[in-house]
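Throughout, a chain's letter reflects where its sequence line sits, starting with A, and its residues are numbered from 1. Since the structure is predicted, the reported quantities are computational estimates derived from the model, not experimental observations.
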Number of protein chains: 2
Amino acid sequence: MDRRSQILTVAGHLFSQRGYHATSIRDLARALNLQGGSLYAHIASKEELLLEVVRQAAQKFQEVLEGLTGDPVAKLKALVRGHLRVIAEELPRATVFFHEWKHLSPPYLEEAKALRRRYEEGVRKVVEEGVEAGVFQVEDVRLATLFLLSALNWTYQWYRPDGPLSLEELSEAYAGMLLRALGAEGGQDGEA
Amino acid sequence: MDRRSQILTVAGHLFSQRGYHATSIRDLARALNLQGGSLYAHIASKEELLLEVVRQAAQKFQEVLEGLTGDPVAKLKALVRGHLRVIAEELPRATVFFHEWKHLSPPYLEEAKALRRRYEEGVRKVVEEGVEAGVFQVEDVRLATLFLLSALNWTYQWYRPDGPLSLEELSEAYAGMLLRALGAEGGQDGEA
DNA sequence: CCTACCGATCGGTAGG
DNA sequence: CCTACCGATCGGTAGG
């Protein structure tokens, strides 16, 4: 891992834990055993660092969408599993993607919004496909997509990979509940 | 509304929009047509303001729990409706309750965590009651509660009271999807 | 990558 | 509630 990647990883950790504004360039430098000013040999600005972390997270989420195959139920299960896996494996970056992006200013802010929109569009298509195939029974595709994204996104707030719940267990349970919410039968019976 | 309440309301707006650390005491003073130092005639510290906003939001959410009556399905519907109503009516405070509380430091931080835990416990009891009554079919009450809270909490990120979706429509649709996710039949048929 | 520094701004206080 | 100020810290730069 080159110096630049190291810096981005540490920045992701600090931004996600303390927040972007509460993390100073000197905090970041200290965590890298550097002097404050030395960072600017590697980066252009603090804000550029934030954007780069957002880009990395967006890339991971986008890869999940690109790997989906099969019928709508299979796609939804893989989407849930993949989304939760990215959160588990890339918790700092995912957290920044979900939150700290708001602190970017206009030139960068637009890009972050576009990256998030692109992902949400991809999720919407999965829902839409299921509705068109008659597999999902929902009144409003947009609202069902927001519901799905809500359930998935908030997990970064409480899920910890080293906690009592394995990623497999979480994915299985969430996929089951979400499929039922979407009115799909797909092998789910709702019994314990 | 006395001066103190005005200050808290404006602080809630600014903290929720820009974030706690990105909001300076002088920003807040300017929004109130005051000089920076004058604020300290009314408040003890910036952090105390943040805690107070968190307390106000917690109070609103807690009132929702206390107003629940009837069978488990009725309680869950009222919980969904009430939770979303607080978000719609108190968006800035709710946003601070969901996020900015993390920037409190230990003496205050513990109180904020306790307030959040208390609410989540109340939500868990609603789920538990439904499971014990045999109305909800879920494998893991804790996980189902987190799922429910996830779907509800994230709405503050996208729902806007002046948007295309009325609070009634949102509540109805969310309650329906959540009841299905929890394996309840309760008058829901899943058809459009 | 370091030293030494820039102007700006931070939360907060004294004294009125 | 204002004026004037405190020390500390901010993001960033020059020169090496």
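- Whole-Å rounding puts the B:Ile25 CD1 to D:dC6 C1' distance at 16 Å.
- If B:Ala41 and A:Ser38 are placed on DNA chain D by their nearest nucleotide, the residue sitting closer to the 5' end is B:Ala41.
- Proximity of A:Tyr40 to the phosphate of D:dG12: a side-chain N or O atom is located under 4.0 Å from OP1 or OP2.
- The separation between A:Leu34 atom CG and C:dC2 atom P is 5 Å, rounded to whole Å.
- Salt-bridge check for B:Arg81 with B:Glu172: passed, with a basic side-chain N closer than 4.0 Å to an acidic carboxylate O.
- Using a cut-off of 4.0 Å between Lys/Arg side-chain N and Asp/Glu carboxylate O, B:Arg4 and B:Glu48 are scored as salt-bridged.
- Counting any heavy atom pair closer than 4.0 Å across all strands shown, A:Gly37 reaches a base atom.
- Residues A:His103 and A:Phe15 keep their aromatic ring centres 6.0 Å or farther apart.
- Between A:Arg26 and B:Arg3, the one whose closest nucleotide on DNA chain D sits nearer the 5' end is B:Arg3.
- Between B:Ser24 and C:dC10, a side-chain N or O to OP1/OP2 separation shorter than 4.0 Å is present.
- Between the P atom of D:dC2 and the NE2 atom of B:His42 lies a distance of 10 Å, rounded to the nearest Å.
- Regarding A:Gln35, its CD atom lies at a distance of 14 Å from the P atom of D:dC10, rounded to whole Å.
- Between A:Leu14 atom CG and D:dC10 atom P there is a gap of 13 Å when expressed in whole angstrom units.
- A straight line from CG of A:Asn33 to C1' of C:dC1 spans 13 Å, rounded to a whole angstrom.
- In this structure, A:Lys46 satisfies the cation-pi test against A:Tyr20, with its NZ or CZ atom closer than 6.0 Å to the six-membered ring centre and inside 45 degrees of the ring normal.
- Between B:Arg117 and B:Glu120 there is no salt bridge, since no side-chain nitrogen of the basic residue lies less than 4.0 Å from a carboxylate oxygen of the acidic one.
- When ring centroids are compared, A:Tyr119 and A:His83 come within the 6.0 Å threshold.
- C:dA8 atom C1' lies 15 Å from atom NE2 of A:His21, rounded to whole Å.
- The separation between B:Leu49 atom CG and C:dG12 atom P is 9 Å, rounded to whole Å.
- Using modelled atom types, one finds no donor on one side chain facing an acceptor on the other under 3.5 Å when comparing A:Glu52 with A:Gln56.
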- Query: For DNA chain D, what dot-bracket results from Watson-Crick or G-U pairs at under 3.5 Å, with [ ] for crossers and | for inter-strand partners?
  - Reply: ||||||||||||||||
